[in-house]
A.B. asks: 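Just dropping this structure here.
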Amino acid sequence: QLQASGGGLVQAGDSLRLSCAASGRTFSSYGMGWLRQAPGEEREFVAAIGWNGGRTYYADSVKGRFTISRDNAKNTVYLQMNSLKPEDTAVYYCARQRLGATGAMLRDFDSWGQGTLVTVSS
């Protein structure tokens, strides 16, 4: 089970940190990531991190502004979002990759929890 938190209403240029708490004893075996879905749009890839945090991947739209990290001791993955833009407004979902998968392919995510809403005003 994946539970995302930390969303909210912020102004353009502000920062937010999203957290995702995962249940289960196999968290450290999986790559994890964040997806987002804006109103009227399809879900899209945002960021991913390998099982040991050694590799990270980002969508071009967030590269240089967002940072994904994880703490396997706490079964938690984070998304630090800086320099937020109105186009970052979306529901953000914490997601797990298929066992053995890495990278930025949306199809490699096989489960996700309820999202957290991020609204960025201009």
Side-chain angles (χ1 to χ4, degrees):
Q1 191 173 8
L2 302 170
Q3 182 63 54
S5 61
L9 173 62
V10 297
Q11 293 186 329
D14 285 350
S15 299
L16 274 178
R17 188 174 85 151
L18 305 184
S19 298
C20 173
S23 59
R25 293 179 290 178
T26 60
F27 174 80
S28 61
S29 298
Y30 291 86
M32 297 294 297
W34 292 90
L35 313 177
R36 71 185 180 185
Q37 188 166 16
E41 302 290 332
E42 294 187 352
R43 193 166 296 184
E44 65 176 2
F45 168 80
V46 175
I49 187 167
W51 64 273
N52 65 352
R55 288 196 172 189
T56 56
Y57 306 85
Y58 297 94
D60 288 343
S61 59
V62 307
K63 203 170 293 184
R65 301 188 296 122
F66 290 11
T67 303
I68 188 171
S69 60
R70 67 187 296 163
D71 185 338
N72 285 344
K74 296 182 179 180
N75 277 21
T76 302
V77 61
Y78 305 97
L79 185 68
Q80 177 66 43
M81 306 186 294
N82 298 330
S83 302
L84 283 161
K85 303 176 181 180
E87 51 263 44
D88 294 319
T89 294
V91 176
Y92 284 71
Y93 299 89
C94 174
R96 189 190 71 179
Q97 290 182 311
R98 291 184 293 104
L99 190 62
T102 59
M105 300 302 293
L106 190 63
R107 65 171 181 254
D108 285 334
F109 291 89
D110 65 355
S111 64
W112 47 86
Q114 288 188 333
T116 185
L117 177 62
V118 173
T119 304
V120 184
S121 64
S122 58

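All residue numbers refer to positions in the sequence shown, counting from 1. Predicted, not measured: the structure shown is a model, and the values here were computed from it.
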A.B. asks: Atom CG in Leu106, atom CZ in Arg43: separation rounded to 0.5 Å?
C.D. replies: 8.0 Å

A.B. asks: Could you name each residue pair satisfying disulfide (SG to SG under 2.5 Å) that touches residues 27-89, not counting sequence neighbours?
C.D. replies: none

A.B. asks: Nearest 0.5 Å, please: how far is OG in Ser83 from CZ in Arg65?
C.D. replies: 7.0 Å

A.B. asks: Any pair with a residue in residues 37-86 that passes disulfide (SG to SG under 2.5 Å), sequence neighbours left out, goes on the list, sorted by first then second residue, please.
C.D. replies: none

A.B. asks: Enumerate the disulfide (SG to SG under 2.5 Å) contacts for residues 49-87, please, sequence neighbours excluded, ordered by first and then second residue.
C.D. replies: none

A.B. asks: Can you list every disulfide (SG to SG under 2.5 Å) pair that touches residues 27-67, not counting sequence neighbours?
C.D. replies: none

A.B. asks: Starting from Phe66, can I reach Tyr93 by hopping between I/L/V/M/F/W/Y residues whose side chains sit under 4.5 Å apart?
C.D. replies: no

A.B. asks: Suppose we screen for side-chain hydrogen bond (donor to acceptor under 3.5 Å, both in side chains). Which residues come up paired with Ser15, at least two apart in sequence or across chains?
C.D. replies: Asn82

A.B. asks: Return the set of residues passing salt bridge (charged side-chain N to carboxylate O under 4.0 Å, His left out) with Arg36 (not counting sequence neighbours), or none when no residue passes.
C.D. replies: Glu44, Asp88

A.B. asks: Examine Leu2 and Tyr92 and state if one hydrophobic cluster contains both, with Ile, Leu, Val, Met, Phe, Trp and Tyr joined whenever side-chain heavy atoms are less than 4.5 Å apart.
C.D. replies: yes

A.B. asks: Considering residues at least two apart in sequence or located in another chain, which fulfil the salt bridge (charged side-chain N to carboxylate O under 4.0 Å, His left out) criterion with Asp71?
C.D. replies: none

A.B. asks: Please list, chain by chain and in numerical order, all residues satisfying side-chain hydrogen bond (donor to acceptor under 3.5 Å, both in side chains) with Asp108, sequence neighbours excluded.
C.D. replies: Arg98

A.B. asks: Not counting sequence neighbours, which residues clear side chain to side chain contact (heavy atoms under 4.5 Å, CB included) with Glu87? List them please.
C.D. replies: Lys85

A.B. asks: Quick one: side chains of residues 46-59, donor-acceptor pairs under 3.5 Å with protein atoms, not counting sequence neighbours, listed by atom name and distance.
C.D. replies:
{"unit_1": "Asn52", "atom_1": "OD1", "unit_2": "Gly54", "atom_2": "N", "d": "2.9"}
{"unit_1": "Tyr58", "atom_1": "OH", "unit_2": "Ile68", "atom_2": "N", "d": "2.9"}

A.B. asks: Could you walk me through whether Asp110 and Arg96 satisfy the side chain to side chain contact (heavy atoms under 4.5 Å, CB included) test, starting with their C-alpha distance in whole Å, then the side-chain angles of each, then the deciding distance to 0.1 Å, before giving a yes or no?
C.D. replies: CA-CA 6 Å; Asp110 65 355; Arg96 189 190 71 179; 3.4 Å; yes

A.B. asks: Side-chain donor-acceptor contacts of residues 112-122 below 3.5 Å, not counting sequence neighbours, with atom names and distances?
C.D. replies:
{"unit_1": "Thr116", "atom_1": "OG1", "unit_2": "Gly7", "atom_2": "N", "d": "3.0"}
{"unit_1": "Ser121", "atom_1": "OG", "unit_2": "Val10", "atom_2": "O", "d": "3.3"}

A.B. asks: Do you know which two heavy atoms are closest between Phe45 and Gly103, and how far apart they sit?
C.D. replies: CE1-O, 4.2 Å

A.B. asks: Which heavy atom of Ser69 sits nearest to which heavy atom of Val77, and what is that distance?
C.D. replies: O-CG2, 3.1 Å

A.B. asks: Return a table of donor-acceptor pairs under 3.5 angstrom between the side chains of residues 18-35 and protein atoms on other chains or two or more places apart.
C.D. replies:
{"unit_1": "Ser23", "atom_1": "OG", "unit_2": "Gln1", "atom_2": "N", "d": "3.0"}
{"unit_1": "Ser23", "atom_1": "OG", "unit_2": "Gln1", "atom_2": "O", "d": "3.4"}
{"unit_1": "Trp34", "atom_1": "NE1", "unit_2": "Tyr78", "atom_2": "O", "d": "3.4"}

